[in-house]
Protein chains: 2
Amino acid sequence: MVLEQKQTLVTRSGASRVMAILDALASADPAVFPDGLSVADVARMLGREKSVVSRQLKSLLETGMVARRSSGRYELSWRLFALAVRAGDQRLTKLAAPLLLRLTETVRERTYLSVLSDGEVLTVLSEGSRRSIEAANWVGRTVPVHRSSSGMALLMDYEDKYILEMVRRGENGVSEREAREFLAQVHEARRRGYSVANRIFDPELLGIGAPVRDFTGRIHAAVNISGPAFRIEPHIQAFGGHLLSAVKALQASLCSDTRPGADPSDL
Amino acid sequence: MVLEQKQTLVTRSGASRVMAILDALASADPAVFPDGLSVADVARMLGREKSVVSRQLKSLLETGMVARRSSGRYELSWRLFALAVRAGDQRLTKLAAPLLLRLTETVRERTYLSVLSDGEVLTVLSEGSRRSIEAANWVGRTVPVHRSSSGMALLMDYEDKYILEMVRRGENGVSEREAREFLAQVHEARRRGYSVANRIFDPELLGIGAPVRDFTGRIHAAVNISGPAFRIEPHIQAFGGHLLSAVKALQASLCSDTRPGADPSDL
DNA sequence: AAGGGGCGGTGCAGAAAATGCAACGTCGTG
DNA sequence: CACGACGTTGCATTTTCTGCACCGCCCCTT
């Protein structure tokens, strides 16, 4: 797909030479090259001398950016993966903060970013609505999974059996009816894309949550809106929409290109 | 063979220069550098000329690997994350995730998937037990080979000589006694099929690990269970059994899934 | 306002890479 | 066994990078 005129711009800087090779390794369809790329493969893709590619790959190998399979072919190494994971955690809260702020401005209710921790929902970030009546700031606190919209969002990808077990285990006072109700809510959330906890945590509170996926596609966190039920109830759909676009923006800024079919030649 | 030894701290090849900068950006403590790193920060970390770092960062900026915040400071950018999605063995992580989940469900301790990377054990995936006391999530981090059950599992197929060499190279503080003890543990692991690291990484931790082999029989990764020694110790055999069947299932799915390019379009 | 210090960035000559060609050993395959 | 493809290396040339000095900028202090 991308094999065309690379040599025009590619030879500028050292970093972009490195990137060209990494890009080639990354963009190789694993179905076509299930075992990595050979020196010659990369050389053909980039239209360069195989000797050059050989030496560059050797260099990249020493730095740990690429790995060599037993077949002698090259692939992107785990080290790159580790790099991204480490940096990804930092990025989440950093990038989420302004988005929470914007979301709060839109819906005028308190918004939260939370993660799953020890089987409970841990709030890591929150932005207040500056209205006199609003949900409380729960940063640093945990909430049982089954009592919040974030919990529903965080569990969206798990299997039903697992969700039920998790809910039951979370707190000893969970009735079977409650658990099944929660599960039904999760199912609805999957359909809609966002979860709704209407007077579940508190008879006066209504929460709307959506999952945030990291670059691996796993649900890493959840964003939710929470506030007085009487005020939010009429706007559930609208708020859900806002929430979804906020999360989408967050994911985009976390990693703008995770679609495997996407052509990374947008530079 | 590499004829020359690394004589200086300063890096030799262009690729490792790039990697050094990315490493610096990734490993910066977000508490200390909440807004990315400045040119001078990176230059100090790497002990290099700021002019060099400035030019390299500019180059990396053009490739999209790093981004510049409004403050002028640098941070890792989407390009790296886009690369990281394709790094490592995507098939492995994807297929392992549900299996880790199931295993965790069974043993109620944190489970890990790790690979050998640069002579260290890199945790690639982890699933928490949702108990209040459990081992920590180490995804993206590395652990010395000789201090974990995964390390034992990953090295199971190597020859003794090589294992010892690897252990000694891993960390300079490895005593001869420790190394031989590790080797003995690996031998036991071969016999049993799974490895046990009882209070080795940490005086309170116990890990049980098993190797994951691809269809050629080569060890590609390791799955391990880790948690408080007092809780796991009575169930080592049972957990080992569960671990082995989980790994067996994972290996089966690795072989049967013929669609390596299956796309993670779940974003 | 002036000075000091840290910052990011640039010009330049010398130093140190990468480059491309040719050649070599090594695999499989026909 | 010859053939072609592959990965790798030696070498002269070219290109790039390096380190130093220096500049303009901003912020803080005096």
Side-chain angles (χ1 to χ4, degrees), chain A residues 3 5-25 28 32-63 65-77, chain B residues 1-25 28 32-63 65-77 216:
Chain A
L3 327 170
Q5 78 319 349
K6 279 261 184 171
Q7 40 230 36
T8 52
L9 287 173
V10 137
T11 51
R12 291 287 9 123
S13 74
S16 57
R17 257 176 274 128
V18 167
M19 273 307 298
I21 294 211
L22 295 180
D23 254 346
L25 288 174
V32 183
F33 303 97
D35 201 34
L37 272 67
S38 69
V39 171
D41 289 334
V42 179
R44 266 190 301 272
M45 282 182 179
L46 269 51
R48 308 196 69 91
E49 276 282 324
K50 58 176 182 164
S51 66
V52 174
V53 174
S54 169
R55 281 185 278 237
Q56 294 216 341
L57 279 171
K58 193 168 87 177
S59 164
L60 285 168
L61 186 64
E62 279 165 18
T63 71
M65 297 252 259
V66 305
R68 199 152 196 196
R69 294 212 161 187
S70 46
S71 63
R73 287 157 178 270
Y74 290 91
E75 63 182 356
L76 295 180
S77 84
Chain B
M1 283 299 167
V2 186
L3 322 172
E4 30 193 321
Q5 19 194 340
K6 352 169 103 176
Q7 34 184 359
T8 50
L9 301 176
V10 277
T11 53
R12 297 198 61 74
S13 71
S16 58
R17 265 174 265 131
V18 168
M19 196 61 192
I21 292 204
L22 295 180
D23 246 343
L25 287 174
V32 184
F33 304 98
D35 200 37
L37 271 68
S38 67
V39 171
D41 289 334
V42 179
R44 264 190 303 271
M45 281 181 177
L46 271 51
R48 305 195 67 86
E49 278 280 326
K50 58 178 180 156
S51 64
V52 176
V53 174
S54 170
R55 282 185 278 238
Q56 297 243 6
L57 279 170
K58 193 168 88 178
S59 168
L60 283 170
L61 188 62
E62 280 164 19
T63 69
M65 290 276 267
V66 306
R68 198 145 199 204
R69 294 179 77 83
S70 48
S71 60
R73 285 155 179 272
Y74 289 91
E75 63 181 357
L76 297 179
S77 178
T216 67

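Per chain, numbering begins at 1; letters A, B, ... match sequence-line order. These numbers were taken from a predicted model, which means no experiment stands behind them.
For the pair Arg68(B) and dG9(C), the criterion of a side-chain N or O lying under 4.0 Å from OP1 or OP2 is met. Between Ser38(A) and dC6(D), a side-chain N or O to OP1/OP2 separation shorter than 4.0 Å is absent. The shortest distance between the side-chain N/O atoms of Arg17(B) and the OP1/OP2 oxygens of dT18(D) is below 4.0 Å. For Ser51(A) and dG7(D), the shortest distance from a side-chain N or O to OP1 or OP2 is not below 4.0 Å. The shortest distance between the side-chain N/O atoms of Gln56(A) and the OP1/OP2 oxygens of dT19(C) is below 4.0 Å.
In terms of the side chain to side chain contact (heavy atoms under 4.5 Å, CB included) criterion, residue partners of Arg73(A) (sequence neighbours excluded) are, by chain and number, Asp35(A), Ser38(A), Asp41(A), Ser71(A).
Considering only heavy atoms from C-beta on, Leu25(A) comes within 4.5 Å of Leu57(A) through its side chain. Side-chain contact between Val42(B) and Gln56(B) is absent, with no heavy-atom pair separated by less than 4.5 Å. Proximity of Leu22(A) to Leu60(A): side-chain heavy atoms (C-beta onward) are separated by under 4.5 Å at one or more points.
Per the geometry, NZ belonging to Lys50(B) stands 12 Å off P belonging to dT10(C), to the nearest Å. Taking atom CZ of Arg48(A) as the reference point, atom C1' of dT15(D) lies 12 Å away to the nearest angstrom. The CD atom of Glu62(A) sits 14 Å away from the C1' atom of dA17(C) (whole-angstrom rounding). One atom, CG of Leu57(A), and another, C1' of dT9(D), lie 16 Å apart when rounded to the nearest Å. Between the CG atom of Leu61(B) and the P atom of dG8(C) there is a distance of 14 Å, rounded to whole Å. One interatomic measurement links the two molecules: CD of Glu49(A) to C1' of dG10(D), which rounds to 14 Å at whole-angstrom precision. Atom CD1 in Ile21(B) sits roughly 14 Å away from atom C1' in dT18(D) (whole-Å rounding).
For the side chain to side chain contact (heavy atoms under 4.5 Å, CB included) test with Leu37(B), the passing option among Met45(B), Glu75(B), Arg69(B) is Met45(B); the others fail.
Judged by atom type and distance alone, Arg73(B) does not reach the base of dG8(C) through any side-chain donor-acceptor pair under 3.5 Å. Between the side chain of Arg55(A) and the base of dG20(C), at least one donor-acceptor pair of N or O atoms lies under 3.5 Å.
When each of dG19(D), dG20(C), dG8(C) is scored by its nearest atom to the side-chain atoms of Val39(B), the top-ranked nucleotide is dG8(C).
Among the protein residues, Lys58(B) comes within range of the sugar-phosphate backbone only, with heavy atoms under 4.0 Å from sugar or phosphate atoms but none that close to a base.
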